[in-house]
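Every value quoted in this text rests on a predicted model; they were computed, and no experiment measured them. Both ligands and their constituent atoms are indexed starting at 1 by order of listing.
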Amino acid sequence: MLSGKTILVGITGGIAAYKICGLIRMYKRANANVLVVCTPNAMNFVTRLTLQNLSQNEVAVEEFDVKDFKPEHISYADQADIMVIAPATANTISKIAQGICDNLLTSIACAFTKPVIVAPAMNCNMWENPILQENLNKLHYEILEPDSGYLACGYEGKGRLCSIEKIFDKTVELLTYKPLSGKKIVITSGGTIEDIDPVRYISNYSSGKMGLALADTAKNLGAEVTLITTKNVSRKYNVIKVKSALDMKSAVEKEFENSDCIIMAAAVADYRVKEISPQKMKKTSEDEVTLTLVKNPDILKNLCSKKKKSCPPALLPSEPLIVGFCAESENLIENAKEKIRKKGCDFLIANDISRKDIGFSSDYNEVTILDKNGGMKKLERADKMTIAKQIFKEIYG
Ligand code: CTP
């Protein structure tokens with residue numbers, strides 16, 4: 001199943017380290033080449049000899065102890081198709097999230113450009129610590145959340161390493177399931193920023209997380225991805241940073257030319273300030289000021305009419321697929337139905353932004369997907385990566 005694939009297993013210092021021996025056996029049985037890197041603390045829980053025998057490869061722990069012409073962290077990062085960090089302690093997760101490279105494992109993670117699976121295991125109070133959760137959210141990796149149950153430290157709660165079968169299945173999925181390979185997918189994210197003067201602007205609460213989850217997922221599913229975003233994003237795929245709706249329009253129109261699918265997850269400002277003041281606007285003696293706003297072009301609607309114009313309706317190709325998002329604070333479905341009709345896109349993902357537990361700036365979402373033929377599918381509340389996967393499943397079948 002995994003022949004020709006190299007899996008880099010990163011083991012950190014937690015009691016669940018012994019379970020990784022079973023995982024390495026599963027990878028070997030599936031014909032993978034397995035490289036193992038351990039943090040020095042991991043060596044307190046599992047021996048080098050055991051790991052070497054199971055993986056049939058030398059085990060790396062310290063930097064500068066591998067014989068290669070390249071620095072070893074780069075050499076490992078280049079050789080492996082996927083990195084699996086299990087068990088991942090709170091310490092290692094937080095160090096990687098902060099870009100700290102103080103041992104071989106964290107240095108490899110920093111240099112690694114291919115998919116990474118992280119399977120945390122720790123005490124339940126450590127798992128619930130908001131700092132740990134914030135650091136986990138910073139990682140654009142596949143996180144396999146711990147299970148709940150009796151913990152080695154004597155506590156009862158969430159913190160047990162998930163099953164090694166689950167880690168194995170996720171590894172196989174990420175290495176072999178590439179339904180979007182050969183497709184060029186463009187995704188927009190974030191709220192546009194419309195300047196008023198050199199120090200002030202109009203924007204909205206969009207965090208860009210849903211668009212980013214879609215872009216990361218499309219990449220994992222094999223697509224060639226371009227993310228056009230108003231946020232600072234660092235990824236190994238093509239990221240184009242824009243600011244205003246007009247900037248976003250030019251970038252989108254250029255990228256749309258030879259794409260197979262565009263997903264407009266960005267919250268584009270409907271209006272911009274008519275004249276941006278070149279100098280900081282000064283306070284006057286008046287109690288009220290008036291800003292004149294002018295309408296921004298509707299990027300999504302323009303794309304849909306372009307697609308229609310370039311091919312007569314009878315010959316409409318299935319691609320490029322145009323997917324819009326819709327943010328509503330009331331009458332979600334009625335407004336979404338009206339919006340898909342008016343804009344003319346193939347799919348519309350409807351979000352209820354009045355709920356605090358989903359949508360804007362949350363890591364979770366719950367959406368309804370509408371298609372141009374009147375079909376509708378509700379996706380139950382889940383983290384945004386899961387929602388992203390389900391969206392691609394719906395639009396590509
Ligand atoms: N959109 C766009 N250009 C705009 C405004 C919105 O391309 N000037 C896109 C968004 O990226 C999204 C979809 O249109 O995919 C719907 O955005 P939304 O803000 O929900 O709707 P609006 O068209 O702005 O309508 P309203 O604000 O009246 O709800």
Pairs where residues 177-225 contributes a residue and the test ring pair (Phe, Tyr, Trp, His ring centres under 6.0 Å) is met, not counting sequence neighbours
none
Ring of F112, cation from K114 - is the NZ or CZ under 6.0 Å from the centre and inside 45° of the axis?
yes
At under 4.0 Å between heavy atoms, what of K339 touches ligand 1? The answer is side chain
Is it true that, when you exclude N232 itself, more than 12 heavy atoms of the residues, nucleotides or ligands shown sit nearer than 6.0 Å to its CG?
no
Using a 4.0 Å cutoff against the non-hydrogen atoms of G324, which atoms of ligand 1 qualify?
15 (O)
Mark up the atoms of ligand 1 that fall under 4.0 Å of a heavy atom belonging to C326, in ascending order.
20 (O)
Atom 7 (O) of ligand 1: which protein heavy atom is closest, and how many Å away?
L300 N, 2.8 Å
Non-hydrogen side-chain atoms of F45 and I11 separated by less than 4.5 Å
no
closest protein heavy atom to atom 27 (O) of ligand 1 is D270 OD2, 2.8 Å
With atoms numbered from 1 as shown, which atoms in ligand 1 lie under 4.0 angstrom from a non-hydrogen atom of P297?
3 (N), 4 (C), 8 (N)
Atom 23 (O) of ligand 1: nearest protein contact (heavy atom, Å):
K343 NZ, 2.5 Å
Looking only at protein heavy atoms, what sits closest to atom 3 (N) of ligand 1 is I299 N, 3.1 Å
Which protein heavy atom lies closest to atom 10 (C) of ligand 1, and at what distance to 0.1 Å?
A266 O, 3.5 Å
If we only count N/O pairs under 3.5 Å, is F325 in contact with ligand 1?
yes
Can you run down the salt bridge (charged side-chain N to carboxylate O under 4.0 Å, His left out) pairs that involve residues 320-329, sequence neighbours left out, and say none if there aren't any?
E328-K339
Is E128 salt-bridged to K158, going by a charged N under 4.0 Å from an acidic O?
no
Is the shortest side-chain heavy-atom distance between K166 and K170 below 4.5 Å?
no
Determine whether any heavy atom of A267 lies closer than 4.0 Å to an atom of ligand 1.
no
Should we count CD of Q279 as having more than 12 external heavy atoms under 6.0 Å?
no
